[in-house]
Amino acid sequence: MSEALHLKTAEEIAIMREAGRIVAVAHQEMRRAVRPGVTTKELDTLVETIIRDHGAIPAFLGYPKPNSPNYPASICASINNQLVHGIPSARVLKEGDIISIDIGTVYRGYVGDSAWTYAVGEIKPQVQRLLDVTEQALYAGIRASVLPHTIRDVALAVQTYVDKHGYSVAREYTGHGVGKVMHEKGLEVPNWWPRRAQERGWTNHHLQVGMTYAIEPMVIAGRAELRELADQWTVVTRDGSLCAHFEHTIAITADEPMILTLP
Ligand code: MF3
Ligand code: CO
C-alpha cells in the first residue's frame with residue numbers, strides 16, 4: 001500500500017520557494033566562510049543566525065531519530081570521509097579538507113533542504129573531480145524530473161552518471177518528499193534502483209505536477225560500505241574514502257522542474 005502523495009498548490013510552492021531561498025542565502029554565506037582555521041561550530045552559528053534573521057526556523061535543530069538523541073544543531077557538517085549528518089564541533093577545518101554542509105529551514109510552515117560540498121582552500125584535482133561528478137549527478141537527477149517520468153527514472157539518471165565516472169552511490173540513504181515536514185512519508189528518491197525496491201518501501205511513483213522533493217546524490221570515491229559513529233548521527237565510509245553530497249529541493253511542473261533552493 002502506497003501512501004498518498006502531498007501534491008502542492010502554486011501558493012504552497014511559492015512559500016517553499018521562500019524557504020528554499022533562505023537556505024540558499026545561508027549557503028552563499030558558507031561559500032565565503034568555509035576556509036582553513038574555521039570550526040564547524042562557528043559555521044553552524046552563522047547559519048542559525050541567518051535563518052532566524054529571515055524569520056525562519058532551522059529544520060534540523062532538535063530533529064528526532066528513534067533510539068538516538070535529537071539532532072543538536074542547525075547544520076550537518078560532514079568532513080572528508082564523513083558522508084552525512086556530521087555534528088558541528090570545535091574541529092578546525094584545514095587546507096585540503098572537503099566539507100559537506102546540509103541546511104534546512106522551516107518558513108511559514110514549509111521546509112527547504114539543500115546540501116553542498118565545499119573545498120577548504122586548495123584541494124587536489126582528483127578531489128575536485130569527485131565534487132564535480134556529484135554536483136553533475138544532482139543536475140542529471142533534476143533534468144530527469146520531468147513528466148511522464150517516474151521516480152525510478154530519476155534514480156537511474158543519478159546512478160548512471162555516477163557509475164559512468166567510476167564512483168559509487170550510497171545505497172542506504174535517499175532523497176525524500178519535502179513539504180510541511182522535511183521527510184514526507186511514501187516518497188523516497190533513491191540514487192539507484194534495485195530490483196526489489198518495494199521490499200525497501202520505495203514506490204516507483206509517476207511524477208505529477210505539484211510533487212516537491214529533495215534529490216541528494218551521496219557519492220563515494222571508494223567502497224560504498226558505511227558505518228555510524230558513536231554519536232549516533234555521523235555516517236562515515238568504512239574504508240575512509242572521500243565522499244560528497246549535493247542536494248536541491250525541487251518542484252515538478254508541466255514543464256522544466258523548478259529548483260526551490262536557489263537564492
Ligand atoms: N537534509 C538532511 C536529510 O535530508 C539532513 C537531516 S539532518 C537531521 O535527511 F538531523 F535533521 F535529521
Ligand atoms: Co534532504
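Since we're looking at a predicted model, the values are computed, not measured. Both counts, for ligands and for their atoms, begin at 1 and track the order of listing. Values below: all heavy atoms of this structure, side chains included; hydrogens, waters and symmetry mates excluded.
Taking the centre of each ring, Tyr173 and His245 stay at or above the 6.0 Å mark.
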- Task: Show your working on side-chain hydrogen bond (donor to acceptor under 3.5 Å, both in side chains) between Tyr110 and Thr212 and close with a plain yes or no.
- Result: CA-CA 11 Å; Tyr110 288 86; Thr212 47; over 6 Å; no

- Apply side chain to side chain contact (heavy atoms under 4.5 Å, CB included) to the pair Asn191 and Val162, showing each step before the final yes or no. CA-CA 9 Å; Asn191 298 304; Val162 171; over 6 Å; no

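Aromatic ring pairs are classed by plane angle as parallel below 30°, tilted from 30° to 60° and perpendicular above 60°; the pair His176 and His183 is perpendicular.
Per-residue contacts place His176 under 4.0 angstrom from the following atoms of ligand 1 (heavy atoms of the residue considered): 3 (C), 4 (O).
Assignment of Met182 to the shell around ligand 1 is supported, since a heavy atom sits closer than 4.0 Å. Taking a 4.0 Å cut-off on heavy atoms, Trp233 registers as neighbouring ligand 1.
Contact annotation: Asp102 places no N, O or S atom under 2.8 Å from the Co ion (ligand 2).
Where the criterion is an N or O separation shorter than 3.5 Å, residue side chain and backbone included, Glu216 meets it with respect to ligand 1. Annotation: Tyr63 places no N or O atom under 3.5 Å from an N or O atom of ligand 1; distance criterion only.
For atom 7 (S) of ligand 1, the nearest non-hydrogen atom from the set Ser68, Cys76, Pro72 comes from Cys76.
Seen from the Co ion (ligand 2), atom NE2 on His176 and atom OE2 on Glu216 lie at an angle near 80° (rounded to 10 degrees).
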